[in-house]
Amino acid sequence: MKIYTHGLAVETESGGDAGLRLIATSELPVYAGFSMTLVDLERRSLNERIVRLGEVGRAHVAADYLEEKDLRYVLLACAYHLERVATYYRDVTQRFESLHPAGTAREGNTSDPRVYYEIDAFFGTARRWYEQLRRLLWKHYGMGTRPRSIDGVLKSSQIALPARYRSTLKASWREHGIRVGAYRDCLMHNDPLNDGNTTCWVERWGERWGMTVRLPSNPEAKSRACFDFASGPDALDYCHELLCHLTDLAEATVALPIILAHLDSPRL
């Protein structure tokens, strides 16, 4: 089984993917108790990449590696929620395949609040991941009192991050973190990211059914009355791209010289 963007699911490559990006597959080894393996933009296993983050691989004192393990834990939680989003997309599209074979309909919709539950959970967890990153970076590179937010870390003169990594982190926060924070804050403090319904829109992608759940393009508006869904991203597509980015950033983080030395030289 392969699941592509918009939940288009095929049993084999011969089934056709309508030119969509692969999200998950059952044809790679499955890690961490998942039911399928998520893949990155190059079709490598995201599950394996995340599980191997910050590996110590020898006897060590657990308390010395709590922040490193938490970074992996929260990223796996993101992956779990994304896998559930992908499988709910697949379930809806397969239901339409069964009820509305090719030629019988061009579009449709259904309500499946479970998709929204997992999207909401993904945003909360992804925003939390940046704060866990804050804790890990301050542990190894900061001095004095730890700032209360990742934005505070970026603005602090009390953390000696390598210049190239600092630029990478700033770009990540600017291009991804602020937006996912806006989605999470809207959920927590303002309106849900829907128009009052939990509608899943389904349309034809080639010879198959595919589903779209639009997120507002402007979560900073904080109000259903002002949300722009028409130009917003599809939730599965957005969350997948974000998880791929966070995994890249996590790998760059544990490869930092001081953190890598800490992982390679456990203290007993």
Side-chain angles (χ1 to χ4, degrees), residues 1-51 73-100 107-126 129 180 183 187 192-194 197-215 233-247:
M1 170 70 71
K2 293 181 175 69
I3 301 177
Y4 295 86
T5 48
H6 296 288
L8 189 148
V10 298
E11 294 294 340
T12 65
E13 286 289 357
S14 62
D17 60 11
L20 301 177
R21 186 173 73 242
L22 184 65
I23 300 290
T25 179
S26 60
E27 297 180 4
L28 291 173
V30 179
Y31 289 79
F34 286 35
S35 58
M36 295 188 74
T37 297
L38 297 167
V39 299
D40 61 22
L41 301 180
E42 298 177 0
R43 297 194 174 193
R44 298 173 297 171
S45 170
L46 275 173
N47 297 48
E48 181 176 6
R49 289 176 63 191
I50 296 170
V51 165
Y73 171 87
V74 179
L75 203 56
L76 277 172
C78 287
Y80 172 82
H81 295 307
L82 177 59
E83 183 206 42
R84 300 313 306 153
V85 172
T87 55
Y88 289 140
Y89 267 61
R90 177 203 63 195
D91 292 349
V92 170
T93 60
Q94 288 188 329
R95 190 185 315 149
F96 269 71
E97 293 285 352
S98 174
L99 296 175
H100 306 288
E107 59 185 5
N109 65 76
T110 187
S111 176
D112 193 334
R114 299 174 301 169
V115 177
Y116 286 84
Y117 301 156
E118 295 294 349
I119 293 168
D120 292 355
F122 178 90
F123 285 135
T125 307
W129 184 85
V180 76
Y183 281 131
L187 287 165
L193 302 173
N194 60 60
N197 301 293
T198 54
T199 303
C200 305
W201 297 96
V202 186
E203 60 185 326
R204 302 299 296 184
W205 289 82
E207 297 301 313
R208 309 297 302 278
W209 285 107
M211 188 174 96
T212 299
V213 174
R214 289 287 176 197
L215 298 170
D234 171 64
L236 177 58
D237 195 44
Y238 178 87
C239 294
H240 179 245
E241 288 187 2
L242 180 60
L243 181 62
C244 290
H245 169 74
L246 296 182
T247 303

Do the ring centers of Tyr117 and Tyr88 come within less than 6.0 Å of each other?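 No, the ring centres sit 6.0 Å or more apart.
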Distance in Å, [X] [atom1] paired with [Y] [atom2], rounded so as to fall on 0.5 Å steps:
X      : Y      : atom1 : atom2 : result
Trp209 : Leu99  : CH2   : CG    : 10.5 Å
Tyr89  : Asp237 : OH    : CG    : 8.5 Å
Glu107 : Phe96  : CD    : CZ    : 10.0 Å
Met36  : Met1   : CE    : CE    : 6.5 Å
Arg204 : Leu8   : CZ    : CG    : 9.5 Å
Ile23  : Glu241 : CD1   : CD    : 8.5 Å

May I have the step-by-step check of side-chain contact (heavy atoms from CB on, under 4.5 Å) for Tyr238 and Phe122, ending in yes or no? CA-CA 11 Å; Tyr238 178 87; Phe122 178 90; 5.6 Å; no
Residues, nucleotides or ligands: over 12 heavy atoms within 6.0 Å of Phe34 CZ: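 Check passes, neighbour count above 12.
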Answer yes or no: is there a donor N or O on one side and an acceptor on the other, between the side chain of [X] and the main chain of [Y], under 3.5 Å?
X      : Y      : answer
Trp205 : Leu20  : no
Asn47  : Leu38  : yes
Asp40  : Arg44  : yes
Asp234 : Val213 : yes
Thr37  : Pro29  : yes
Tyr183 : Asp120 : no

Where [X] and [Y] come nearest, the two heavy atoms and their spacing:
X      : Y      : answer
Ala32  : Leu76  : CB-CD2, 4.0 Å
Thr93  : Gly7   : OG1-O, 2.8 Å
Tyr116 : Thr199 : OH-O, 2.9 Å
Cys244 : Leu46  : SG-CD1, 3.9 Å
Glu97  : Arg208 : OE2-NE, 3.0 Å
Val39  : Ala24  : CG2-N, 4.4 Å

Under the side-chain hydrogen bond (donor to acceptor under 3.5 Å, both in side chains) test against Thr87, which residue among Glu83, Arg90, Arg84 passes? Arg84
Start with the C-alpha distance between Lys2 and Leu22, add both sets of side-chain angles, then the distance that settles side-chain contact (heavy atoms from CB on, under 4.5 Å), and finish with yes or no. CA-CA 7 Å; Lys2 293 181 175 69; Leu22 184 65; 3.7 Å; yes
Result for side-chain contact (heavy atoms from CB on, under 4.5 Å) between Pro233 and one of Leu242, Leu215, Thr212 points to Leu215
Run Glu48 and Leu28 through side-chain contact (heavy atoms from CB on, under 4.5 Å) and show every step you take. CA-CA 10 Å; Glu48 181 176 6; Leu28 291 173; over 6 Å; no
Close side-chain approach of Thr125 to His81, heavy-atom, < 4.5 Å: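 Yes; the side chains approach each other to less than 4.5 Å.
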Flag side-chain contact, heavy atom, 4.5 Å: Val115 against Thr198: no
Chi angles and distances behind the side-chain contact (heavy atoms from CB on, under 4.5 Å) call for Val202, His100: CA-CA 11 Å; Val202 186; His100 306 288; over 6 Å; no
